[in-house]
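Naming convention: chains lettered A, B, ... in sequence-line order (proteins, then strands); numbering from 1 in each chain. Computed from heavy atoms alone, side chains included, the values below leave out hydrogens, waters and symmetry copies.
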There are 2 protein chains.
Amino acid sequence: MIMYRNLMYICFRKEIALHLLMIKNMKNSQLYKGSLNTIIMKLLEENGKMYGYEITQKVKAITSGELNITEGALYPALHKLEAEGILDVEIEKVDNRMRKYYKLTEKGTTETVNRLSELEDFIRNMQSLVNPSPKLEF
Amino acid sequence: MIMYRNLMYICFRKEIALHLLMIKNMKNSQLYKGSLNTIIMKLLEENGKMYGYEITQKVKAITSGELNITEGALYPALHKLEAEGILDVEIEKVDNRMRKYYKLTEKGTTETVNRLSELEDFIRNMQSLVNPSPKLEF
DNA sequence: TTAATATACCTAACATGATTATGTATAGGA
DNA sequence: TCCTATACATAATCATGTTAGGTATATTAA
């Protein structure tokens, strides 16, 4: 009986853990829409070259698991950035597995500056909107 | 001739001004996608009740004209929030013109706290991603 | 007086950017 | 042997927004 109760307890904890994880991932709210390209470009600016899977892991690590880039969003985004001449691709084979390394082109590097500037403006504006500075009322 | 040149000069300046304005508004980039509901709810939390047009003007003012909410986005968003029980509506007639005043319901007030918390998380995560703290390398 | 601008609402067609669900394939551990 | 991790990809669908129209009243400038 004790064993069953322990098992149930473990299962219950697992349920809770999964549930909390889901809630956490629910935070992948609509807010992140539109920021994926900027994230990719900034990471490439920092790290020189990265492959898709690496990007998802890096983002997960940096945000303590709060932001999980879905592959269905990532790969099309990478292809689009490549088509736009923002990224260059280079295929390598590591451990018999394919890797597509992406890096910023010259144009991409310039464009990254703009995107980051837009992001700063966006964040500044959002902070003005939700964190209004105390009104000067006399 | 002088007059023509002056006229041309003025027109030219106007062209530039318009162009700069367009560029400015181009900053209405994809980043803002997903943040409209949060903006609306926060403004209503602060101001008690507001009508649609008032919201567009307020946002424009707060962001120094950098963010212009389009009516095609605003009105459907208000209707959706009302349908979800986040907002209550109350119609008034001022100066022979209709105004639909929106205010947060009780549920809406609770929900606003969550949205703002999500926004803070989002901003924090984005800052971690693009503004990485200096690496501790020895 | 007439034209333009501002106020105030609305919606439909289209575009964009994501999620969800699926598929392929290799490597390693329980 | 099966599950998980690594590593790529795409198609169907959904959410959200832009663009472009529409109605109507009030005010201001030419």
- Query: Does B:Gln30 put a side-chain nitrogen or oxygen below 4.0 Å from OP1 or OP2 of C:dG17?
  - Reply: yes
- Query: With a 4.0 Å cut-off, would you call B:Lys107 and B:Glu84 a salt bridge?
  - Reply: no
- Task: Rounded off to whole Å, could you give me the CD1-to-P distance for the A:Ile91 and C:dA25 pair?
- Result: 17 Å
- Euclidean distance, atom OH of residue A:Tyr32 to atom P of C:dT19 [Å, nearest integer]: 11 Å
- B:Tyr101 six-ring face occupied by B:Lys49 cation (under 6.0 Å, within 45°): yes
- Task: Provide, to the nearest angstrom, the distance between the CD1 atom belonging to A:Ile69 and the P atom belonging to D:dC8.
- Result: 13 Å
- B:Lys60 NZ to C:dA8 C1': how many Å, rounded? 13 Å
- Message: Looking at B:Arg124 and B:Glu120, is any side-chain nitrogen of the basic one under 4.0 Å from a carboxylate oxygen of the acidic one?
- Response: no
- Message: Can you measure A:Asp95 atom CG to D:dA7 atom P for me and round it to whole angstrom units?
- Response: 8 Å
- Query: In terms of the nearest nucleotide of DNA chain C, which residue is placed more toward the 5' end: A:Ala73 or A:Arg97?
  - Reply: A:Ala73
- Message: Looking only at the side chain of A:Leu36 (C-beta and beyond, no hydrogens), which of the listed nucleotides C:dC10, C:dA18, D:dA9 gets closest?
- Response: C:dA18
- Message: Determine whether the aromatic ring centres of residues A:Phe122 and B:Tyr32 are separated by less than 6.0 angstrom.
- Response: yes
- Message: Pick the closest DNA chain D nucleotide for B:Glu71 and for B:Lys80 by heavy atoms, then say which residue is nearer the 5' end.
- Response: B:Lys80
- For atom CG of B:Leu67 and atom P of D:dG17, their distance in whole Å: 11 Å
- Message: Under 4.0 Å, heavy atoms only, any strand: does A:Ser35 hit a base, just the sugar-phosphate, or nothing?
- Response: sugar-phosphate
- Task: Give a yes/no on whether any side-chain N or O of A:Thr70 is located under 4.0 angstrom from OP1 or OP2 of C:dA18.
- Result: no
- Task: Mind checking B:Gly52 for me? I need base, sugar-phosphate or nothing, with any heavy atom below 4.0 Å counting as a touch.
- Result: sugar-phosphate
- Would you indicate what A:Lys93 reaches in the nucleic acid, counting non-hydrogen atoms under 4.0 angstrom: base, sugar-phosphate, or nothing? nothing
- Answer with base, sugar-phosphate or nothing: what part of the nucleic acid does A:Gly34 contact at a heavy-atom distance below 4.0 Å? sugar-phosphate
- Query: Closest nucleotide of DNA chain C for B:Gly72 versus for B:Tyr51: which of these residues is on the 5' side?
  - Reply: B:Tyr51
- Look at the side chain of B:Lys33 against the base of C:dT16 and say whether a donor-acceptor pair falls under 3.5 Å; ignore hydrogens and angles. yes
- Task: Answer yes or no: does atom NZ of A:Lys58 have more than 12 heavy-atom neighbours from other residues, nucleotides or ligands under 6.0 Å?
- Result: no
- Item | Sidechain N-carboxylate O distance under 4.0 Å for A:Glu45, A:Arg115 | no
- Residue-phosphate contact under 4.0 Å: A:Asn96 side-chain N/O, C:dA27 OP1/OP2: yes
- Message: Nearest to the side chain of A:Tyr75, heavy atoms from C-beta on, is which of D:dT10, D:dG17, C:dT11?
- Response: D:dT10
- Item | Under-4.0 Å side-chain N/O to phosphate OP1/OP2 contact, A:His79 with D:dT10 | yes
- Task: Provide, to the nearest angstrom, the distance between the CD1 atom belonging to B:Ile39 and the P atom belonging to D:dG17.
- Result: 9 Å
- Item | Distance, rounded to the nearest Å, where A:Asn68 contributes CG and D:dA5 contributes P | 12 Å
